[in-house]
Amino acid sequence: MHADIVDLREFYHSPLGHFAEQSIAMALSSLWTRLPEERLVGLGYAIPYLDRFRADTERTFAFMPAGQGAVNWPVGELSSTALVFEEELPLPDSSIDRVLMVHSLEFTENPRESLKELWRVLAPGGRLIIVVPNRRGVWARMEHTPFGSGRPYSRRQLTNLLRETNFTPAASAEALFFPPSKLRAMLKLRHGFERIGRRLWPAFSGVLVLEAQKRLYQGLPVAARASRRVFVPVLGAQGVPTTRTKADPLFLLDKSGVRD
């Protein structure tokens, strides 16, 4: 189940969320610096970080899962936001250079299908960064932040998942070494926690930040998609009894394609 868009926005507007954003942004900047004339997609709730990259890109999109909800972005400009299903992205093949996943993979119904879909839309040599809660970290155990929801990953689990979906894991970083406390006294010590944590206990970071590249030299097996959503139109209010006949122009097909 996805985190709600309202909860995500409120978290990043709080002091704890602001400091968490700074820590993750520092880890991201160590992997990506400038993206000149490239196409970037943020998947999940990545808008706190997209502003740091979009100045150099050709264009930047914010794709938000339907189960999460969406908000307009950028503020005060024409919207670059789209409400999507992770397994069915509204993009042609090989059309995107970079993808940034934040608050996404840990909530997806089928992580492999989602990563296969990202492989499809990424250009040859395209790169992906995934930010996920660390299974060993304290943040994954605290439910008052979005990182305490969903499915946390270990570094090995994430690496294996990427390899299974034809990505080559590359550089990595860690973030959120300070405890997820709302106490001001604890937040004042965050710089010390971050500095010491990177040196002494990197395995216990709050989140893992892993970059991967689209792999082309291995053939993809031909197989039916494991996830394919079926949309059934609803033309009347729920709970209102109606009488329909086969001659009725609003007569619908059920999911199996058999007429009522």
Side-chain angles (χ1 to χ4, degrees), residues 1-32 42-50 63-65 67-69 86 99-115 118 128-165 167 169-182 186-187 190 193-194 196-198 200-212:
M1 181 178 179
H2 283 274
D4 188 82
I5 188 67
V6 175
D7 296 332
L8 289 164
R9 185 168 55 180
E10 288 181 354
F11 171 74
Y12 279 101
H13 286 170
S14 69
L16 179 60
H18 179 66
F19 295 138
E21 176 188 344
Q22 289 181 343
S23 177
I24 295 173
M26 183 179 298
L28 291 174
S29 64
S30 68
L31 302 181
W32 288 354
L43 181 60
Y45 190 77
I47 57 177
Y49 311 99
L50 292 180
F63 283 3
M64 302 187 188
Q68 166 192 289
E86 298 98 319
V99 175
L100 173 61
M101 294 183 74
V102 186
H103 301 298
S104 177
L105 188 67
E106 64 266 34
F107 297 113
T108 56
E109 182 180 342
N110 192 323
R112 285 176 177 79
E113 286 296 319
S114 297
L115 289 176
L118 290 178
L128 161 71
I129 281 185
I130 302 177
V131 179
V132 291
N134 182 5
R135 183 178 293 277
R136 294 183 177 181
V138 177
W139 287 72
R141 294 169 171 78
M142 300 296 179
E143 296 183 355
H144 64 278
T145 80
F147 301 101
S149 303
R151 182 192 307 108
Y153 285 84
S154 67
R155 186 179 298 277
R156 177 176 294 180
Q157 288 174 325
L158 187 57
T159 299
N160 290 341
L161 180 60
L162 286 166
R163 287 174 175 164
E164 289 171 6
T165 51
F167 284 96
S172 65
E174 299 84 18
L176 301 185
F177 291 97
F178 65 95
S181 172
K182 297 181 180 180
M186 189 66 70
L187 291 176
R190 69 187 183 281
F193 277 111
E194 292 289 297
I196 297 173
R198 285 191 175 90
L200 301 183
W201 54 82
F204 298 98
S205 62
V207 297
L208 301 173
V209 183
L210 184 60
E211 183 190 31

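As a basis for the values below, the full set of heavy atoms in this structure was taken, side chains included, without hydrogen atoms, waters or symmetry mates.
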task = Measure across Arg151 and Pro111 and return the closest heavy-atom pair with its distance rounded to 0.1 Å.
result =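 Between these two residues, the closest heavy atoms are NH1-CG, 3.4 Å.
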inquiry  = Can you confirm whether Ile130 sits close enough to Tyr153 that some side-chain heavy atom of one is under 4.5 Å from a side-chain heavy atom of the other?
reply    =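 The answer is no, as the side chains (C-beta and beyond) never meet within the 4.5 Å cut-off.
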inquiry  = Rounded at 0.5 Å granularity, tell me how far CZ in Phe63 sits from CG in Leu100.
reply    =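 If we round to the nearest 0.5 Å, Phe63:CZ and Leu100:CG are 13.5 Å apart.
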key: Over all atoms of both residues, closest heavy-atom pair of Leu50 and Gly42   =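 That would be CD2-CA, 4.0 Å.
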inquiry  = Ignoring hydrogens, what is the shortest heavy-atom contact between Glu174 and Ala27? Give both atom names and the distance.
reply    =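 Looks like O-CB, 3.7 Å.
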query = Can a donor-acceptor pair be found between the side chains of Ser104 and Glu86 at a distance below 3.5 Å?
reply =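 There is no such pair between these side chains.
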request  = Taking the six-membered ring for Trp and the full ring for Phe, Tyr or His, determine whether the centres of Trp139 and Phe178 are under 6.0 Å apart.
outcome  =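 Judged by ring-centre distance (under 6.0 Å), Trp139 and Phe178 do meet the cut-off.
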query = Are the side chain of Asn134 and the backbone of Ala203 linked by a donor-acceptor contact shorter than 3.5 Å?
reply =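 Flag set: sc Asn134 to bb Ala203 pair under 3.5 Å.
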message = Nearest 0.5 angstrom please: Leu158 CG to Arg163 CZ, how far?
response =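 The CG atom of Leu158 sits 10.5 Å away from the CZ atom of Arg163.
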request  = Check whether any side-chain heavy atom of Val102 sits under 4.5 Å from a side-chain heavy atom of Ile24, and report yes or no.
outcome  =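 No. Closest side-chain heavy atoms not under 4.5 Å.
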ask   = Could you give the distance from CZ (Arg198) to OG (Ser30), rounded to the nearest 0.5 Å?
value =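 Reported value, rounded in 0.5 Å steps: 8.0 Å.
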message = By the definition side-chain contact (heavy atoms from CB on, under 4.5 Å), identify the one residue from Leu208, Leu28, Leu105 that meets it with Val131.
response =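 Of Leu208, Leu28, Leu105, side-chain contact (heavy atoms from CB on, under 4.5 Å) with Val131 is met by Leu28 alone.
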ask   = Do Arg190 and Gln22 have side chains that get closer than 4.5 Å, going by heavy atoms?
value =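 With C-beta onward as the side chain, the pair touches.
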ask   = Quick one: does Arg136's side chain get under 4.5 Å of Ser154's, heavy atoms only?
value =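 Result no, sub-4.5 Å side-chain heavy-atom pair not found.
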inquiry  = I need the Arg9 CZ to Tyr45 OH distance, nearest 0.5 Å.
reply    =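 Here the interatomic distance stands at 6.5 Å.
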ask   = Who pairs with Phe19 by ring-ring contact (aromatic ring centres under 6.0 Å, His included), at least two apart in sequence or on another chain?
value =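 Testing Phe19 for ring-ring contact (aromatic ring centres under 6.0 Å, His included), a comparison that skips the adjacent residues, returns none.
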ask   = Can you name the nearest heavy-atom pair linking Ala173 to Arg155, along with the distance?
value =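 Minimum heavy-atom contact is O-NH2, 4.5 Å.
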task = Please check if the side chain of Gln68 supplies one atom and the backbone of Pro65 the other of a donor-acceptor pair under 3.5 Å.
result =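 Judged by distance alone, no pair lies under 3.5 Å.
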query = If you look at every heavy atom in Glu143 and Gly148, which pair is closest and at what distance?
reply =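 In terms of heavy atoms, the two residues are closest at CG-O, 4.2 Å.
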ask   = Does the separation of the ring centres of Phe11 and His103 fall below 6.0 angstrom?
value =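 No, the ring of Phe11 stays outside the 6.0 Å limit from the ring of His103, centre to centre.
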request  = Using the test salt bridge (Lys or Arg N to Asp or Glu O under 4.0 Å), find all partners of Arg112 that sit at least two apart in sequence or belong to another chain.
outcome  =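 Residues passing salt bridge (Lys or Arg N to Asp or Glu O under 4.0 Å) with Arg112: Glu164.
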inquiry  = Determine whether a donor-acceptor pair (N or O, by modelled atom type, separation under 3.5 Å) exists between the side chain of Arg141 and the backbone of Val138.
reply    =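 Looks like no, no N/O pair under 3.5 Å.
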Pairwise distance CG(Leu187) to CZ(Phe193) - rounded to 0.5 angstrom =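 The distance works out to 10.0 Å.
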message = Would you compute the distance between atom CE of Met101 and atom CG of Leu43 and round it to the nearest 0.5 angstrom?
response =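 These two atoms lie 5.0 Å from each other.
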query = Can you check whether Glu113 reaches Thr108 side chain to side chain, under 4.5 Å on heavy atoms?
reply =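 Heavy-atom side-chain distance check fails, nothing below 4.5 Å.
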task = Among Ile129, Leu118, Leu115, find the one that has a side-chain contact (heavy atoms from CB on, under 4.5 Å) with Val99.
result =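 Of all the options given, the one that passes is Leu118.
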Within-4.5 Å side-chain heavy-atom neighbours: Arg156 and Asn160 =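 With C-beta onward as the side chain, the pair touches.
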task = Quick one: closest heavy-atom pair of His144 and Pro180, and the distance?
result =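 Heavy atoms only, the tightest pair is NE2-O, 2.6 Å.
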pair Ile196-Phe177: side-chain heavy atoms closer than 4.5 Å =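 The answer is no; the side chains never approach within 4.5 Å.
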message = Is any side-chain heavy atom of Leu176 closer than 4.5 Å to one of Ser205?
response =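 Side-chain contact under 4.5 Å: no.
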